[in-house]
Each structure stands twice: as C-alpha cells, then as structure tokens.
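Step one of this worksheet: look at the structure below.
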Amino acid sequence: MRFSDFPIRKKLMVAILMTSAMVLLLTCMAFFAYDFFTFRQAMITHLSTIGKITAANSTAALAFDSRGDAEEILSSLTAEQHIIAACLFDREGKRFAGYQRDTGHLLQLPEQPGKMGFSFQADYLEGYHPVLQGNSNLGTLYIRSDMGAIYERIGLYTLIVVAVIAIACLMAYLISNRMQRRISRPIQALAETARAISERNDYSVRVSKVAHDEIGDLTDAFNHMLAQIRSFNLQLEMKVQERTIEMEAANKELEAFSYSVSHDLRAPLRSIHGYMNIFAEDYASQLDDEARRLMNIILLNSRRMGQLIDDLLEFSRLGRKEITKARISMKDMVTSIAGDLKRTENNNRPVNITILDLPEAHADFNTMQHVWTNLITNALKYSRNKGETRIEIGSLEKEGDQVFYVKDNGAGFDMRYYDKLFGVFQRLHSINEFEGTGVGLAIVHRIITKHHGRIWAEAKPNEGATFYFTLSRQTS
Amino acid sequence: MSKAQSEAAREHQVKAVFLFNFAQFVQWPDIAFDHTTSQLVIGVLGTDPFGSFLDETVKGESVNGHPLRVLRFQKPEDVVGCHILFIQIPKNEQLREVLEKLKGRHILTVSESTTFIKQGGIVRFVKENNKIRFQINLAAAKEADLVISSKLLRLAEVVSN
C-alpha cells in the first residue's frame, strides 16, 4: 500500500510521528555533536589538570632524585581509571620514573619528552607537561588517557537518545492519536455519509458538524448540497410526473382520435366499395373498355384504402392494448409461423428457410406472433424476385442481451433511408414493386418498444436485409 | 683519582645539587632578605668538600627572584646574610657551639655529622642504600622560622632531637 493510499487518520499519524522523531533526532544529534566536542575539550582540560597536579607533586622527587617517591606519586594515578600510563623525564630528558595501568599488555611509551601540550591520537589522549618548581624546570611529565570516558559518554548518550526518542514517540503517538481524531473523524464521517448516499440514494441524511474549522465549512457545504440535490430531485420528480400525466392524456386523445377517424372512415368507404361492386356486376357489360378500366382502378384503390384503414386501426389498437408476458418457446412459434407462411407463398422459386436454435423468451404471445409473422412475411416478400429465397432465423448474444434476427437475401434497402424504415406509412420501395401500406414495421417497432426492447436493421440494396430485435432483459 | 675518591666526589656533587634544591623547597621569612631581589646565599662553614661543584650548580640560578650566591666562612662569627649553611667542622663539640650562635637567624643548617640533629641542626645528609637521603628536624626548622615544603618532607626522614 502506498502512502498516498493510506487513510487520512494514518497519514496524520505518520506525519506527526515522523516530524517529531525527525526533530528529536536532529536536536539530539546537534546536542550530541556539541557535547562530543566540548567533552573532548573537557577531557583535555581534565587530563592537563591532573598532569599539573602530578607534575607539581613530583618536583621534589625529581629535584632530589628520588625514583621511589616519583613512582609512588605516579602510581597514585590509579585513582583516575582512564589514565593508562604516565612517566617522568628528568631535566636531561632521560626517563626517570614510569607508571602503567595493568591492562594486560605493555604500552609503547615515548623514550624522551615531546612537545608540550595535549593531543588526541588514534585511540588515546596524550600530553606532556613541564615539571616546574618556582621558575626552574626540573623535568617533564608524560601522561596518557584512554578514550574510555568518551566511549562511556557516547554509550550513555546513545542510550539516553534512544530512550528519549522512544518516550517522545510514544507521547507523540498518544497525543497525536487524540489530536488526529479531531481532524480525521469529521472527514471520515463525511466520507462515510457520502458513500452511504451514493449507495442508497438517500439525500435526506445530514452530517453533524463538530467544529467551526474548514472541515466544519465543508460539512455545512456538503449538507447544503444535499438539501439542494434533494429539492432538485423532488422538483424534477414532480415535473416528470406532471409531464407524464400530460403526455399520457395527449397520447390517449390522439389515439382515440385516430381510432375514431379510421373507424368512421370505414363506413363510407365500405359503402363506396360495395356500390362500386354492384355497379361492376350489373353494368360492366354495358360499358366500353375505357370505362371498365377506370372502374377497376376505383375498385382497386378503394380496396387498398380499406386495407390501409384496417392496418391503421390495428396499429392504434396495439397502442392501447396491454401486453401480458409469459414464457414463450420462440423456436416453436417461429417454426409454426414459417411453416404456415411458406405453405401460402406462391412457389415460383425455391424457398429455403433455416431456423437455428432460439432461446425461450418472456414476452406477450399474440404480439410476438405478430412480430415474427411480419418479419418473415417481409423477408419472403422482398426476396421473391430472386432466383432462390434464403432466409435464416436465429439468435445471438450481444452485450449480455439476447438478440433475435431474420436474415434474407432479398432486395434490401439503402441505409441512407434507414430513419424512414420504422415510420408509419413510410415505404422504401414503390407500391408497384412491392405491395404494402407501410404500417407493418411501424407496428413491429411499437410492439418491441412496448416490450422495452430494441429493433434495428442492416441492409444493402439487392444484397438482402437483416432485422434484429431484443426484448427487455430478463430480471428474475 | 682512586675509586673511593671518585665515589666521594660524586656524592658531593649530588649534595651540592641538593643544597641548591633546598632553596626551592624552603620558605624564608621576609626579614631574612633585605629586599625582594636580594641574594639568597648558600654558605659553607669549615672545610669545603664541594670544590667548584657548588659554584657551578648555582651559577646563574635564582629562586623566587633571589639570585643565588655561594659564600665560604671560616668562623661562625663570619656567618652573615646567609640562608643555607653547610657545616663541616671536624670536632663535634664545636658544632653545638656554632649552632648556638646561629640560633634565631633564619638559617637552614645542613651537615653530615651524625650528632647534628641532636645538637639542634636542621638537615642532615645520610647515605641509604648507596643513595643520598636526608633527615629533617622539624622543631629546629620551626625555631629558625623556616617553612619546609611538604614535598621535601615527603622525601625526608623527619626526626627530632
């Protein structure tokens, strides 16, 4: 898990802990460095003081050539545990007396006095001090101290630093744990509420405000936004409801209108057709050829108009009809319809209908029968000028939807006019070429829409067309 | 020089240095000096066994601002302005007499004589394991109003008469 993915609570904790640990570490290091150098200085001062005292004590021993006394004086340095060696040189620079702490091995000590003063060597501190009585020089004292004091100090310091950092981090943890809650809790509450809202779409929830800081402002803004969304939502719902009611009313009006218009048109038309038929039966023999031709045109057109009105009535009836869904075996339905249609089709050409495997569907039986009849009839109709009719009916799975299709090798159509395909009274072919009123596909479209499905087509002129449709997805 | 003679010469050489060193570890009262830079005199009463050693040792030296000087005296009456006096008189009876005369004069008396301390002398050279050491009579030193450094006392055998 990357740091940026940590919850805010952890980020705050880590930030606080890191900062305090860093500050402490730097402070301790600075202090340590300072102390280390002062302590080195103090070590020199300390050793030179001891040197001074020892040198002062050794004057008489040097002056009166008393080696035993000198050694006794030097051996008193045992009291200072870090002094590991010392020796006295006489006025001529010859070694006079020496002292060495029992460290298990013999130290290499200088044979003659060196330069006065103290200096740090690799792992010890050494120095020379003159032995003076009054102003006369009696000899030189050499003294050497190990670094044990510094090591002890470093050890002690490390221990203290570690302890301080540990305690401080613990304190920082406890304090920050309490402090961060004040920052992260409200944010957490906000985040949780936002999540709950997006999951449950409940905009009535409010986040309680804890403090008057930025998070408090955020909480206020969040609550305000929630209130706004809620009121917008309510307004929108009300508007939608209003519109729906309006639209339903308008739709009903329109359907009632079109139904009554077509219904009322039927009576005079039937009368025209009826009388024209009687007229043809009774007077045809008395008419000349031109009059008979005109009479036949009138008869044909009145019949066509009757068909148009019937289709229109069917279309508007479908609009008002409720669909009742049930399990349907599409395979059985299609086999039966295709068989019927193939039987009534005039056999001027070989007709080949392939029915592939079709899944069951949850749909309205009657309207679904209408859909299949219409699509297969179309396929037969538009392929009748081909040498052989080939129709394929099948299904496929597309984006989780069950898609049914009817594919033919007929006349097809130009995709440029695709948007006219499913319109009422819209035709892509002339009536002389293929009969029809242009209502069929509009009805199919309407049925599929009522099933909450989709219908579409793909075609090329003279290469056939494929009609696809889906039904609403099964939610069981 | 015979071996015994050279041995004696070395001894006296050491003693001459000791005499000089005594000057550094003994404090005289202010009245023992005329002023702060007046001479500190090392005197030899009687036979001088040091030859030129003593003169060579103190040559150019000074203690606490007092230049050192060596004077030789024949009779106790001659001893004037002296701070350290090495006494070498053949007869012991005379020694008491000499010391009587020097009493109260702030002189550090030094001798090799075995009865020197008993007779009221302050410092006596002795030979110990072939090394020159010394005895100090603290009471006598106090009487002469001299302060002897503890460092010197450390090395000495403190005795009393």
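A quick note: this is a predicted structure, and the numbers were derived from the prediction, not measured. Order of the sequence lines sets the chain letters (A, B, ...), proteins ahead of strands, with each chain counted from 1.
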* Asked: If every non-hydrogen atom of A:Gln133 is compared with every non-hydrogen atom of B:Gln24, which pair is closest and at what distance?
  ->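 Smallest interatomic distance, heavy atoms only, reads NE2-O, 3.2 Å.
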* To do: Indicate the atoms forming the closest heavy-atom contact of A:Ala63 with B:Phe18, along with that distance.
  =>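 Taking every non-hydrogen atom into account, O-CE1, 4.0 Å.
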[X], [atom1]: over 12 other non-hydrogen atoms inside 6.0 angstrom:
X        : atom1 : value
A:Asp5   : CG    : yes
A:Ile8   : CD1   : no
B:Arg69  : CZ    : no
A:Lys209 : NZ    : yes
A:Met116 : CE    : yes
A:Glu214 : CD    : no

* Could you grab the distance from atom CG of A:Leu138 to atom CG of B:Asn21, nearest 0.5 Å is fine? =>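 Going from CG on A:Leu138 over to CG on B:Asn21, the span is 6.5 Å.
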* Value rounded to 0.5 Å, distance of CZ in B:Arg133 from OG in A:Ser66 ->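 Nearest 0.5 Å value for the CZ-OG distance: 4.5 Å.
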* Asked: If we only count heavy atoms from C-beta on, is the A:Asn57 to B:Arg154 side-chain gap below 4.5 Å?
  ->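 The answer is no, as the side chains (C-beta and beyond) never meet within the 4.5 Å cut-off.
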* **Part of B:Leu152 within contact of chain A (heavy atom distance under 4.5 Å)** =>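 For B:Leu152, backbone and side chain are both near chain A.
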* Between A:Phe64 and B:Phe134, what is the ring plane arrangement, given parallel below 30°, perpendicular above 60°, and tilted in between? ->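 Rings of A:Phe64 and B:Phe134: perpendicular, over 60°.
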* To do: Compute whether any side-chain donor of one residue and acceptor of the other, for B:Glu61 and A:Ser136, lie under 3.5 angstrom apart.
  =>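 On atom types as modelled, these side chains do not qualify, holding no pair under 3.5 Å.
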